[in-house]
Amino acid sequence: MKSDHQLVIYNSLSGKKENFVPLHEDHVGMYVCGPTLYSEPHMGNMRTFINFDFIYRCLLYLGYKVKYVRNITDAGHITNSAGQEVDSIGSAARSAQVQSLEIVYTYNVKFQELQRVYNLLPPSIEPTATAHIQEQIEVIEQIIENGFAYVVNGSVYFDVKTYMQQHNYGALSGRKVDELEQETRTLNAQDEKRFFADFALWKKANPEDMQVWRSPWGNGNPGWHIECTAMSTKYLGKQFDIHGGGLDLKFPHHEDEIAQNCGSFGCNPARYWMHANMLNVNGQKMSKSFGNYFLPKEIVDGTSNLFTKSFPAAVVRFFMLQAHYRSTLDITEEALNASEKGFERLMEGLSLLEKLAPSSTSSFEVAKILSAAEAAICDDFNAPILIASLFDAVKYIHAINEGKEQLTQEDLLWFNQAMHAFVQEVLGIEPSKKEENQRLSGVMDMVITLRQQAREQKDWTTSDMIRDGLAKAGIQIKDSKDGTSWS
RNA sequence: GGUCUCGUGGCCGAGCGGCUAGGCACCGGUCUGCAAAACCGUAUACUCCGGUUCGAAUCCGGACGAGACCUCCA
């Protein structure tokens with residue numbers, strides 16, 4: 001680690017901020033639960049991926065060699081509200097009259113495109129569940145061998161009661177099984193489980209299933225939680241550093257992952273569990289079932305009916321990073337507009353920084369500003385504080401520009417490099433690319449020259465006519481000491 | 001119903017025992033032919049009621065309100 005600050009991470013397992021000590025010096029293994037591709041990920045899903053992308057970037061910035069694994073769920077049975085096992089991908093496929101893999105492929109292409117649009121760094125590897133059926137079967141066999149699972153009628157269930165004799169089921173979520181029992185609604189009669197809290201590791205195939213795999217227990221599908229255990233083990237080992245995911249996966253998904261890992265390998269898979277909080281709309285979690293969701297593409301296209309205008313992906317990303325990953329964030333048009341203005345201020349500060357003239361001495365310490373930014377990163381990846389420190393830097397940039405502060409050539413260069421590192425590498429914000437139309441800018445140069453001539457002759461009627469006419473065409477004129485620009 | 005989290009100025013959102021968070025909006029100023037833009041600056045806050053403390057937005061208890069999980073979810 002190259003920073004002077006000690007990296008501290010809030011560990012969901014302990015509920016406290018802890019000093020981060022990787023298992024292998026300078027290396028970090030990180031696993032994050034990715035999307036289930038039975039539909040297009042919505043903006044709330046993206047928030048989690050953006051947050052972990054930021055965390056990944058922070059770790060890289062701090063000099064760690066990071067192996068970042070984020071899975072893609074393209075198979076598996078999950079349990080619905082009635083306690084029945086449901087194949088959500090299969091049902092999406094059936095309603096669209098296509099093959100399951102077609103559904104998965106379609107949404108995966110869209111997901112990959114979204115990652116580019118929102119400037120997410122590609123993980124080191126994005127393994128899929130369907131490509132790791134054999135590994136999943138092997139983990140299940142190990143759990144059975146250890147006595148923590150049983151086979152019933154072609155299905156395999158995790159034996160929570162036996163597991164509890166040696167391990168703590170509820171270590172992560174803090175749930176007590178006897179409390180859970182009272183909370184849980186009546187199970188349906190056909191349930192094969194021995195105990196209400198048992199969960200499926202392998203589920204016998206239904207006649208209508210589109211995807212079926214062979215296993216020692218007959219044809220079937222893997223349970224929802226087992227893929228993460230199998231793939232994290234394969235790529236990161238039985239125990240690794242960080243496991244992340246959305247807060248809503250804490251229970252039962254992550255709790256069951258811990259049980260599976262302990263049940264097969266005798267250890268918690270991760271030393272640090274991190275949970276990203278939800279994106280809210282009108283104070284409520286964005287969710288498919290609530291219907292209060294929009295797609296990441298819609299906000300960029302301006303086709304979401306929640307907003308009257310479009311926002312660039314970089315602005316949306318910036319908006320999201322102005323909140324800490326462990327807090328809920330309310331998305332509104334007003335808040336997005338505020339972020340857009342702030343975003344532009346930061347970007348303009350950055351481009352001004354490149355044009356500043358050096359002085360023979362420096363009147364303030366660049367190191368102090370950069371240290372504040374690094375401290376924010378190291379304090380549980382505090383993006384909003386990092387951004388605040390960058391705005392502080394922008395104030396200095398303007399002060400230099402106005403001659404109130406000075407930096408030497410060397411300090412200026414350092415300042416410039418560091419600012420770009422924080423903005424582009426760490427926050428993952430690229431300066432908005434001006435799609436300058438060559439022909440238009442030629443015309444604009446001429447129009448601005450004509451207006452300038454009119455102004456010099458104090459022909460305000462003509463100059464205002466040009467200004468108002470351009471405004472009608474959606475082009476805004478900005479006069480400043482150094483001349484006139486437009487946007 | 002059970003478990004847990006949260007309630008910060010007009011809005012979003014940090015902080016989590018003593019020190020201006022930040023952004024946007026507002027207001028004032030600089031600049032400008034005017035305006036816009038840009039820049040500078042001031043002001044405004046910690047749901048309520050108790051308690052602990054020299055000192056609490058920050059810790060503890062209670063009330064009210066909101067949300068999450070307990071069922072698929074990032």
Side-chain angles (χ1 to χ4, degrees), chain A residues 15 32-36 38-39 41-52 73 77-86 88 170 173-176 179-185 224 244-253 255 275-280 283-290 293 318-319 322-324 326-346 348 352 372 376 379 382-392 394-395 398-399 401-402 404 455 458-460 463-464 467-468 471 476-482 484-487:
Chain A
V32 172
C33 291
T36 303
Y38 65 101
S39 65
H42 63 233
M43 205 63 235
N45 299 305
M46 281 306 288
R47 184 187 176 203
T48 297
F49 302 138
I50 288 169
N51 274 139
F52 280 104
T73 298
H77 272 201
I78 46 197
T79 311
N80 74 0
S81 53
Q84 294 163 326
E85 301 289 326
V86 164
S88 52
S173 62
R175 292 183 183 278
K176 308 265 185 294
E179 282 170 2
L180 272 173
E181 186 158 26
Q182 292 163 359
E183 297 154 18
T184 305
R185 290 153 210 169
W224 175 38
L247 189 59
D248 51 357
L249 295 182
K250 197 172 183 182
F251 189 88
H253 182 58
E255 195 67 65
H275 290 96
N277 217 136
M278 303 290 103
L279 181 67
N280 284 183
Q284 198 180 35
K285 172 184 167 181
M286 180 177 286
S287 147
K288 250 201 130 182
S289 45
F290 292 152
Y293 69 99
F318 181 71
F319 163 73
Q322 279 187 294
H324 188 86
R326 279 193 287 119
S327 300
T328 54
L329 170 63
D330 240 281
I331 190 164
T332 60
E333 180 152 354
E334 196 182 358
L336 279 165
N337 277 326
S339 279
E340 185 165 38
K341 288 278 185 82
F343 173 87
E344 282 161 7
R345 182 173 148 80
L346 182 59
E348 277 163 23
L352 181 59
D379 183 13
N382 199 321
I385 294 287
L386 168 63
I387 290 171
S389 73
L390 298 182
F391 277 115
D392 199 37
V394 169
K395 274 204 177 17
H398 288 299
N401 190 43
E402 285 160 24
K404 291 174 190 161
R455 292 179 73 202
K458 298 198 193 293
D459 178 2
W460 310 128
S463 87
D464 289 355
R467 185 172 71 196
D468 298 345
Q476 196 188 32
I477 289 282
K478 296 177 187 174
D479 294 325
S480 75
K481 279 175 253 173
D482 311 322
T484 301
S485 63
W486 59 277
S487 63

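Note on naming: letters A, B, ... go to the chains in the order of the sequence lines (proteins, then strands), and numbering restarts at 1 for each one.
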Between [options], spot the one nearest the side chain of [X], thanks.
X      : options                : value
A:Q284 : B:rG67, B:rC24, B:rG2  : B:rG67
A:P384 : B:rA21, B:rA74, B:rC40 : B:rA21
A:D479 : B:rC34, B:rC12, B:rG10 : B:rC34
A:F391 : B:rA74, B:rG23, B:rG13 : B:rG23
A:K395 : B:rA74, B:rG23, B:rG33 : B:rG23
A:S327 : B:rA14, B:rA74, B:rG33 : B:rA14
A:H324 : B:rA68, B:rA21, B:rA14 : B:rA14
A:T48  : B:rA74, B:rC40, B:rG10 : B:rA74
A:A388 : B:rA21, B:rA35, B:rG23 : B:rA21
A:D464 : B:rA21, B:rG41, B:rG33 : B:rG33

Quick one: does A:N337 reach the base of B:rA25 with a side-chain donor-acceptor pair under 3.5 Å?
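Absent.
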
Q) With distance as the sole criterion, do the side chain of A:R175 and the base of B:rC69 form a donor-acceptor contact below 3.5 Å? A)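 Donor-acceptor pair under 3.5 Å: yes.
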
Rounding to an integer number of angstrom, what distance separates B:rA37 and B:rU32 when you compare their C1' atoms? 11 Å

| B:rC48 to B:rC11 separation - P atoms, rounded to the nearest Å | 15 Å

- Could you pull out the closest heavy-atom pair between A:F251 and A:S173, with the gap in Å?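 Smallest interatomic distance, heavy atoms only, reads CD1-OG, 3.3 Å.
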
Nearest heavy-atom contact between A:M43 and A:M286 is CB-SD, 3.7 Å

May I ask you to verify if any side-chain N or O of [X] is less than 4.0 angstrom from the OP1 or OP2 atom of [N]?
X      : N      : value
A:N277 : B:rA68 : no
A:K176 : B:rU3  : no
A:R467 : B:rA37 : no

Can you say whether the rings of A:Y293 and A:H42 are parallel (under 30°), tilted (30 to 60°) or perpendicular (over 60°)?
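Aromatic pair A:Y293/A:H42 classed tilted.
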
Measure the distance between the ring centre of A:F49 and the centre of the six-membered base ring of B:rA74, then answer whether it is under 5.5 Å with planes under 30°. no

Assert: residue with more 5' nearest nucleotide on RNA chain B, out of A:K478 and A:D248, is A:K478

- Query: Charged N to carboxylate O below 4.0 Å: is that the case for A:R467 and A:D464?
  - Reply: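 Salt bridge: yes.
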
